[in-house]
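First the structure, in the form of structure tokens, and then the observations on it.
Any value given below was found using the heavy atoms of this structure, including those in side chains, with hydrogens, waters and symmetry copies removed. In listed order, ligands and their atoms are each counted from 1. Numbering starts at 1 and runs along the sequence shown.
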Amino acid sequence: MERSAHADRFAEMIGAANVLTTREDQAPYLTEWRDLYHGVTPMVLRPGSTQEVSAVMAYAYEHDLKIVPQGGNTGLVGGQIPQETGDEIVLSLSRLNKIRNVDPVGFTLVAEAGVVLETLHNEAEKVDRLFPLSLGAQGSCQIGGNISTNAGGTAVLAYGNTRDLVLGLEVVLPSGEIWNGLRTLRKDNTGYDLKQLFIGGEGTLGIITAAALKLFPKPKKLEAAFVGLPDPHAALKLFTMAKAGAGPVLTGFEIMPRVGVEFCLKHLEGARDPLEGEHAWYVLMELSSGSEAFPVRDLLESILGEAFEAELVEDAAFAQNLTQVNDFWHIRHGMSEVQKPEGGSIKHDVSVPVASIPEFLDKAMAAVEAFVPGCRPVPFGHIGDGNIHFNVSQPVEADKEAYLAKWDEMNAIVHGIVQEFGGSISAEHGIGRLKRDLLSNVKSDIELDLMKRIKSAFDPKGLLNPDRVLKA
Ligand SMILES: O=C(O)CC[C@@H](O)C(=O)O
Ligand SMILES: [Zn+2]
């Protein structure tokens, strides 16, 4: 059948205005902000309900049409961008943007896949609750994408990954069948926990259309400090003290190098250095409690006081109000985007056991500096989860393309060190297309085989997000 005949049929299902066939209308769906991936598609479909997603999928299945689901298009591994082959239809979930239910008594919220993460935060706040998933992209990423990629972010330390925040899912399968697993139960031991396969499945097994999510008490007291330290060894010791001293009250612990803070001061609007002198490394530490009575500030001061005495910490700025807390987070959340104006950046989203972080950083930084003299490592991120974004900016004034041509070789060096420490080559961003070919280096044959068998059980024709995670 002709491509235009398919478009006509889809228009009957979801309305002609929601079938985008011109290059101009499609443009925002065909590239991502870092400019690493560019794609081509016959059409972008924008269904407005689960029933419409189901109709689209059933038709696509019948006619062997490939489908690439897309949420807020903030993914970092190319999973959401169609390939250049031009035969993958983009299915945008943006119009599925209703909050279906908020239950402050049961601490749950049911939202459709296209709800923007920040909207979820606001909806939870309206009933004095917290939805804790927190990312730099929260103003545009969507919950369906967050779940499909099992997004991490800065609150994993206290609340877990997205996986830990999901109680139930509604999913449209490649065949178009709808699985309504939207349960809000905290306990349900009735056989295989199927939702776990779709969480972090990167849209290869089914399309998440709605989710039942966990809510938490809204913090009544929140304190933060921006801390200057000599090295990651000191940061790890401070983390251990903070975790032991504050337990679940420790809700943020992020590490940043001086060069990253400098990039923010240069490129990020509204950023200012919270500390007067320069420090080789920084930690943003946040403590919060849902209880008005909990002495959060005293605890933060006593942990940092002890750290000063142990000479781990060189200086610290305490946020005096919520605006200052947000100013500190503005720097941390801006850390990713400020690397773009500095030229090519070779990325590694890796994790190692928390206790190995300083040693890993020493080794990996020495290795990349030996490989590309003058390169500028900007390792930052979720030290409390053992997850470092080991990004390496090009040497100043180097040729960007020539530098980026070293991507695979540098990856091999860094990933080799990660594996020496028993770590993971994709801690939170997923596999997508960027890391698909690396999977066989890090998974056993049996693990890969089980993954392939699961894929073909859910998607026997291999039409849904093909070539992502596993090679088709
Ligand atoms: O740019 C990156 O590599 C990291 C993005 C994100 O995961 C973050 O933690 O800011
Ligand atoms: Zn991150």
Is it the side chain (CB and beyond), the backbone, both or neither of Glu428 that lies under 4.0 Å from ligand 1, heavy atoms counted?
side chain
Mark the output for [X] as yes if a heavy-atom distance to ligand 1 is under 4.0 Å, and as no if none is.
X: Glu337; result: no
X: Asn391; result: yes
X: His382; result: yes
X: Lys347; result: yes

Where the closest heavy atom to atom 9 (O) of ligand 1 is concerned, which of Arg332, Met335, His333 has it?
Arg332
Could you tell me whether the side chains of [X] and [Y] share a donor-acceptor contact shorter than 3.5 Å?
X: His348; Y: Asn391; value: no
X: Glu359; Y: His233; value: no
X: Ser345; Y: Ser393; value: no

Heteroatom test (N, O or S) for Asp349 near the Zn ion (ligand 2), limit 2.8 Å:
no
Regarding Asp193 and Lys195, does a basic nitrogen lie under 4.0 Å from an acidic carboxylate oxygen?
yes
Answer yes when Arg297 and Glu223 have at least one side-chain N-carboxylate O distance shorter than 4.0 Å, and no when they do not.
yes
Numbered in order shown, the ligand 1 atoms found under 4.0 Å of a heavy atom of Phe380 are 2 (C), 4 (C), 10 (O)
For atom 7 (O) of ligand 1, grab the closest protein heavy atom and report residue, atom and distance to one decimal in Å.
His429 NE2, 2.7 Å
To which protein heavy atom is atom 1 (O) of ligand 1 closest, and what is the distance rounded to 0.1 Å?
Ser336 OG, 2.4 Å
Nearest heavy-atom neighbours spanning Thr50 and Leu96:
N-CD2, 4.0 Å
Working to 10°, measure the angle at the Zn ion (ligand 2) formed by atom OE2 of Glu428 and atom NE2 of His389.
90°
Compute the ring centroids of Phe216 and Tyr159, then answer whether they are less than 6.0 Å apart.
yes
With Gln80, the side-chain hydrogen bond (donor to acceptor under 3.5 Å, both in side chains) member among Asn465, Asn73, Thr74
Asn73
